[in-house]
Amino acid sequence: MQKFDTMLLENSEENIDYCADLIKKGEVVGIPTETVYGLAGSALCEDAIDKIFSAKGRPQDNPLIVHIGQLSQVEQLAQNIPKLFYELAEEFWPGPLTMIVEKKDIIPNKTSGGLSSVGLRMPYHPVALEIIRRSGFPVAAPSGNVSGAPSPTTARDMFEDMQGKIPAVIDGGFCNIGIESTVISFEKDGVRLLRPGLVSAEDLAEFTTVYIDNGVEQKLSHNEKTISPGMKYKHYSPKAKIIIFDGTCEEMCNYISEKNDENAYAVIANSDESKVLKGQKFLTFGDSLEEQAKNLFFTLRELDRLSASKGYFLLPNKSGVGLALFNRLIRAAGFKVVKL
Ligand code: TXA
Ligand code: MG
């Protein structure tokens with residue numbers, strides 16, 4: 001793999017042009033989106049796709065989402081597109097929704113991980129949209145972390161994972177949403193939710209029947225088939241051990257204090273909740289489910305910066321964006337929940 005002196009670029013017209021140019025030339029760059037930072041390269045260039053997989057250390061069978069800047073690109077890239085696709089695009093694009101449809105041959109098999117389908121998304125982050133539009137290509141962009149690590153929600157976090165491996169990361173600020181896009185596929189009479197995100201099952205149910213895939217809430221068994229290969233892999237794991245606790249904040253703090261581990265952290269909603277702490281270290285990650293989703297990956301990385309041995313979280317409520325929070329946390333915790 002080529003070595004780079006990776007640049008951390010500020011958000012400017014010039015740097016947006018520079019990143020779009022790199023993509024044109026078959027290079028890959030770190031870009032902000034409203035969900036998480038992505039590792040972006042031309043979806044049509046096999047060489048760029050190889051670079052993405054190798055910088056991330058990603059398994060070759062895990063397909064990449066293809067990001068577009070205009071609705072007219074859909075028909076260049078995909079075929080047999082259901083009417084519902086356009087209804088959902090009208091409502092949720094540009095935004096954090098990825099829809100899987102049948103791909104056209106123009107998309108290399110490397111991009112789709114060997115599948116005959118492609119996941120399409122039009123992001124709303126202005127830096128992402130501008131870079132995609134100026135590059136003139138559909139842009140493949142997985143989350144900008146090393147495979148298995150928490151997704152990056154700041155340019156600095158992406159820089160840390162990708163330093164030396166790519167030419168540049170452009171800074172577009174802290175990602176507003178903080179967890180990756182909702183991923184759906186189409187069924188005869190509705191959609192299948194493969195990965196929950198800010199566009200929730202309830203939001204989609206306003207339009208159609210929503211089937212929640214088995215892999216959303218539980219670990220898939222060894223040979224269980226899945227439409228979305230990403231669900232098979234270990235994910236979002238910091239070095240600290242993540243433990244989900246089913247109970248009250250007070251019960252969780254009592255439980256931690258009995259363990260006598262001075263490097264264990266309680267991750268709680270806000271400093272009000274710190275009243276029930278039993279002297280242990282803590283981090284806060286927000287009052288609402290939306291705020292908690294926004295701060296989740298940053299907090300997982302923060303635990304490692306603090307050399308935490310463990311991070312304890314309360315089991316989130318699974319309604320709305322809570323299902324996405326649960327889906328990411330349960331993976332980070334290796335699918336175990338502690339209940340007394
Ligand atoms: O918010 C996001 O979606 C971010 C930003 C950068 O846009 N991207 C992202 O990409 O999260 P990635 O590669 O980290 O996750 C994509 C997920 C994987 O679980 C993958 O298996 C699934 O989407 N996926 C992509 N294309 C698919 C396809 N054709 N069929 C089934 N699953 C697909
Ligand atoms: Mg990812």
Side-chain angles (χ1 to χ4, degrees), residues 28-41 43 49 52-53 55-69 77-78 92-104 107-125 127-129 131-132 138-153 157-158 161-162 169 172 175-186 191-199 213 215-216 220 225-237 293-294 297 324 327-328 331-332:
V28 301
V29 284
I31 65 164
T33 83
E34 66 278 17
T35 56
V36 300
Y37 276 73
L39 182 56
I49 301 303
I52 291 176
F53 277 97
K56 275 182 71 80
R58 181 178 175 110
Q60 299 281 343
D61 69 345
N62 197 358
L64 304 178
I65 292 174
V66 174
H67 298 70
I68 57 175
L77 305 171
F92 298 109
W93 278 6
L97 177 66
T98 298
M99 296 189 269
I100 297 174
V101 283
E102 205 179 305
K103 83 174 184 72
K104 281 191 174 164
I107 298 201
N109 286 328
K110 277 191 176 170
T111 306
S112 67
L115 298 176
S116 57
S117 61
V118 60
L120 297 177
R121 154 161 135 81
M122 189 192 296
Y124 72 60
H125 195 296
V127 175
L129 264 185
I131 291 175
I132 296 165
V139 168
S143 51
N145 51 288
V146 166
S147 207
S151 301
T153 50
D157 284 349
M158 176 151 187
D161 276 26
M162 291 297 149
V169 178
C175 298
N176 243 330
I177 296 174
I179 43 168
E180 308 89 341
S181 61
T182 303
V183 178
I184 58 169
S185 61
F186 291 87
V191 297
R192 175 167 296 272
L193 181 64
L194 299 171
R195 182 176 72 180
L198 186 70
V199 174
D213 199 77
V216 167
L220 292 170
K225 273 230 158 82
T226 169
I227 303 178
S228 185
M231 300 239 242
K232 294 188 298 209
Y233 297 110
K234 189 174 147 77
H235 233 288
Y236 315 119
S237 307
K294 176 172 177 176
F297 291 139
N327 170 273
R328 307 309 193 270
R331 282 174 167 70

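For reference, positions follow the sequence shown, starting with 1. Remember, it's 1-based here, ligands and their atoms both numbered in the order they're listed.
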**Complete:** For Asn62, the atoms of ligand 1 under 4.0 Å from one of its heavy atoms are 18 (C), 20 (C), 21 (O)
**Asked** Does any N or O atom in Ser143 lie less than 3.5 angstrom from one in ligand 1, N or O only?
**Response** yes
**Prompt:** Considering only heavy atoms from C-beta outward, does the side chain of Ile100 approach that of Leu115 to under 4.5 Å?
**Reply:** no
**Message:** When you compare the side chain of Arg328 with that of Arg195, does any pair of heavy atoms fall below 4.5 Å?
**Reply:** yes
**Prompt:** In the protein, which heavy atom is nearest to atom 24 (N) of ligand 1, and how far is it?
**Reply:** Pro63 CG, 3.8 Å
**Request:** Heavy-atom contacts with Ile100 under 4.0 Å: which atoms of ligand 1 show up? List them by number with element.
**Result:** 27 (C), 28 (C), 29 (N), 30 (N), 31 (C), 32 (N), 33 (C)
**His67 side chain vs Ile132 backbone, donor-acceptor pair below 3.5 Å** = no
**Request:** For the pair Thr182 (side chain) and Val199 (backbone), establish whether a donor and an acceptor sit closer than 3.5 Å, ignoring hydrogens and angles.
**Result:** yes
**Request:** Please could you name the atoms of ligand 1 that Ser117 approaches to less than 4.0 Å, counting only its heavy atoms?
**Result:** 28 (C), 29 (N), 30 (N)
**Message:** As an exercise, state the distance from OH of Tyr236 to CZ of Arg331, rounded to the nearest 0.5 Å.
**Reply:** 7.0 Å
**Fill in**
Any heavy atom of His67 under 4.0 Å from ligand 1? The part involved is side chain
**Prompt:** How close do Ala40 and Ala141 get, heavy atom to heavy atom, and via which atoms?
**Reply:** CA-CB, 4.1 Å
**Message:** At less than 4.0 angstrom from any non-hydrogen atom of Arg121, what atoms of ligand 1 do you find?
**Reply:** 1 (O), 2 (C), 3 (O), 5 (C), 7 (O)
**Request:** Considering only non-hydrogen protein atoms, determine which one is nearest to atom 32 (N) of ligand 1 and report residue, atom name and distance to 0.1 Å.
**Result:** Ser228 OG, 3.3 Å
**Item:** Thr98, any N or O under 3.5 Å of ligand 1 N or O
**Value:** no
**Prompt:** Between the main-chain N or O of Val216 and the side-chain N or O of Asn327, is there a donor-acceptor pair closer than 3.5 Å?
**Reply:** yes
**Message:** Is it the case that the side chains of Thr35 and Ser181 hold a donor-acceptor pair, with the cut-off being a distance below 3.5 Å and no angle test?
**Reply:** no
**Message:** For Val118, which part has a heavy atom under 4.0 Å from ligand 1: side chain, backbone, both, or neither?
**Reply:** backbone
**Asked** Against heavy atoms of Gly38, which atoms of ligand 1 measure under 4.0 Å?
**Response** 6 (C)
**Fill in**
In ligand 1, the atoms that come under 4.0 Å of a heavy atom of Ser181 are 1 (O), 2 (C), 3 (O)
**Message:** Distance under 4.0 Å to a non-hydrogen atom of Gly119: what atoms of ligand 1 satisfy this?
**Reply:** 29 (N)
**Request:** Please check if any side-chain donor atom of Thr33 sits under 3.5 Å from a side-chain acceptor atom of Arg121, or the reverse.
**Result:** yes
**Fill in**
CD1 of Ile179 to CG of Leu198, rounded to nearest 0.5 Å, is 6.5 Å
**Request:** Taking both backbone and side-chain atoms into account, decide whether Ser143 has an N/O/S atom under 2.8 Å from the Mg ion (ligand 2).
**Result:** yes
**Request:** Enumerate the atoms of ligand 1 whose separation from the nearest heavy atom of Ala141 is less than 4.0 angstrom.
**Result:** 6 (C), 8 (N), 10 (O)
**Prompt:** Which residue owns the protein heavy atom closest to atom 15 (O) of ligand 1, what's the atom, and how far is it?
**Reply:** Arg195 NH1, 3.1 Å
**Request:** Using atom types as modelled and distance alone, determine if a side-chain donor or acceptor of Lys56 lies under 3.5 Å from a backbone N or O of Asn145.
**Result:** yes
**Message:** Return the closest protein heavy atom for atom 19 (O) of ligand 1 as residue, atom name and distance.
**Reply:** Gly230 CA, 3.3 Å
**Request:** Say whether, by atom type as modelled, one donor and one acceptor occur between the side chain of Arg58 and the main chain of Pro63 under 3.5 angstrom.
**Result:** yes
**Request:** Check Met99 against ligand 1 and report side chain, backbone, both or neither, counting heavy atoms closer than 4.0 Å.
**Result:** neither
**Request:** Would you mind checking which non-hydrogen protein atom is closest to atom 5 (C) of ligand 1, with the distance to 0.1 Å?
**Result:** Thr35 OG1, 3.5 Å
**Asked** Taking N or O atoms only and a 3.5 Å limit, does Arg58 qualify as a polar contact for ligand 1?
**Response** yes
